[in-house]
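Read the structure below first, then the notes.
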Amino acid sequence: MHSFGYRLNGLLTFAVTILALMCVIASLSDNLNIPSPSAEIQIMNINWFQKQPKGSDEVSLRMNISADLQSLFTWNTKQVFIFVAAEYETRKNSLNQVSLWDAIIPAKERAKFWIRSSNKYRFVDHGKNLRGKEFNLTLHWHVMPKTGKMFADKIVMSGYSLPEQYI
């Protein structure tokens, strides 16, 4: 009674509806995972701490970064983007964030790591605000799923400070 076109349209509509329903279920099932990542960052050395010609403070750090982020991975995880940021307060701003290092973790097998690195990006404050400054190092992560919404979280490690004098 119905033409081939009507039957094909009904079949494709049904298939797309089932596919969309499976994506929603997959995305919701990811919420059942309760991750428990761990991380530790040690500052091994301050390579230099200097005043730039334009008056800004600049710091170069040598860090040991160890982390176990395997619990962030589920069957729906495509990759995890991580970065380490230095966070501190000044009179002008209640929160200053400077990204120091980042990486993309493509698989669960690479999510447990230890790395020794200098800051990949410059730690610069546009002013003379870093001498004697206490700061936090924060490991941020963004989990990118195959389907569903992306989520982010962080681990804050406090108790770091810079010297009073330039090195």
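Side-chain atoms are counted along with the backbone in the values below, which use heavy atoms only and exclude waters and symmetry mates. Computed from a predicted structure; not experimentally measured.
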Remaining members of the apolar cluster that contains Trp75, side-chain heavy atoms under 4.5 Å: none

4.5 Å side-chain heavy-atom contact, His140 and Gln97: yes

Between Thr90 and Asn129, a side-chain donor and acceptor under 3.5 Å: no

ring-ring contact (aromatic ring centres under 6.0 Å, His included) partners of Phe49, counting only residues at least two apart: Tyr166

Phe135 with Ile65, same ILVMFWY side-chain cluster at under 4.5 Å: yes

Minimum heavy-atom distance between Ala39 and Met157, given as atom pair plus value: O-SD, 4.0 Å

Asp153 side chain to Val143 backbone, donor-acceptor under 3.5 Å: no

Min side-chain heavy-atom separation Ile82-Phe113 under 4.5 Å: yes

Same cluster (ILVMFWY, side-chain, under 4.5 Å), Leu72 and Met150: no

Whether Thr13 side chain and Gly10 backbone form a donor-acceptor pair below 3.5 Å: no

Closest non-hydrogen atom pair, Asn33 against Ser71: ND2-O, 3.2 Å

NZ (Lys146) with more than 12 external heavy atoms under 6.0 Å: yes

Tyr88 side chain reached by Leu130 side chain, heavy atoms, under 4.5 Å: yes

Asp125 side, atom CG; Lys51 side, atom NZ - distance, nearest 0.5 Å: 12.5 Å

Spacing of Glu58 atom CD and Phe123 atom CZ [to the nearest 0.5 Å]: 10.5 Å

Taking every non-hydrogen atom, the tightest pair across Trp114 and Ser66: CD1-CB, 3.6 Å

Linked, directly or transitively: Phe14 and Met22 (ILVMFWY side chains, under 4.5 Å): yes

Close side-chain approach of Lys78 to Pro145, heavy-atom, < 4.5 Å: no

Main-chain N/O of Leu61 paired with Asn119 side-chain donor or acceptor, under 3.5 Å: yes

Spacing of NZ belonging to Lys133 relative to CG belonging to Leu162, to within rounding of 0.5 Å: 9.5 Å

Scan the side chains in residues 102-110 for donor-acceptor partners under 3.5 Å anywhere in the protein, sequence neighbours excluded, and list what turns up.
unit_1 : atom_1 : unit_2 : atom_2 : d
Asp102 : OD1    : Lys120 : NZ     : 2.8
Asp102 : OD1    : Tyr121 : OH     : 3.1
Asp102 : OD2    : Tyr121 : OH     : 3.0

Side chain to side chain, Trp141 and Ile155, heavy atoms closer than 4.5 Å: yes

Shortest non-hydrogen contact from Ala152 toward His142: CB-ND1, 3.3 Å

CD on Glu87 to NZ on Lys154, rounded to 0.5 Å: 5.5 Å

Note, Val98 side chain near Val124 side chain (heavy atom, < 4.5 Å): no

Heavy-atom closest contact (Glu89 atom, Ser94 atom, distance): CG-O, 2.9 Å

Point-to-point distance, once rounded to the nearest 0.5 Å, from CG of Leu139 to CH2 of Trp101: 7.5 Å

Distance (rounded to the nearest 0.5 Å) between Ile41 CD1 and Ile115 CD1: 11.5 Å

Verify same cluster id: Met63, Val156 (apolar side-chain graph, 4.5 Å): no

same_hphob_cluster(Ile46, Met44) at 4.5 Å side-chain heavy-atom cutoff: no

Minimal non-hydrogen separation, Leu69 against Pro37, with atom names: CD2-CB, 3.5 Å

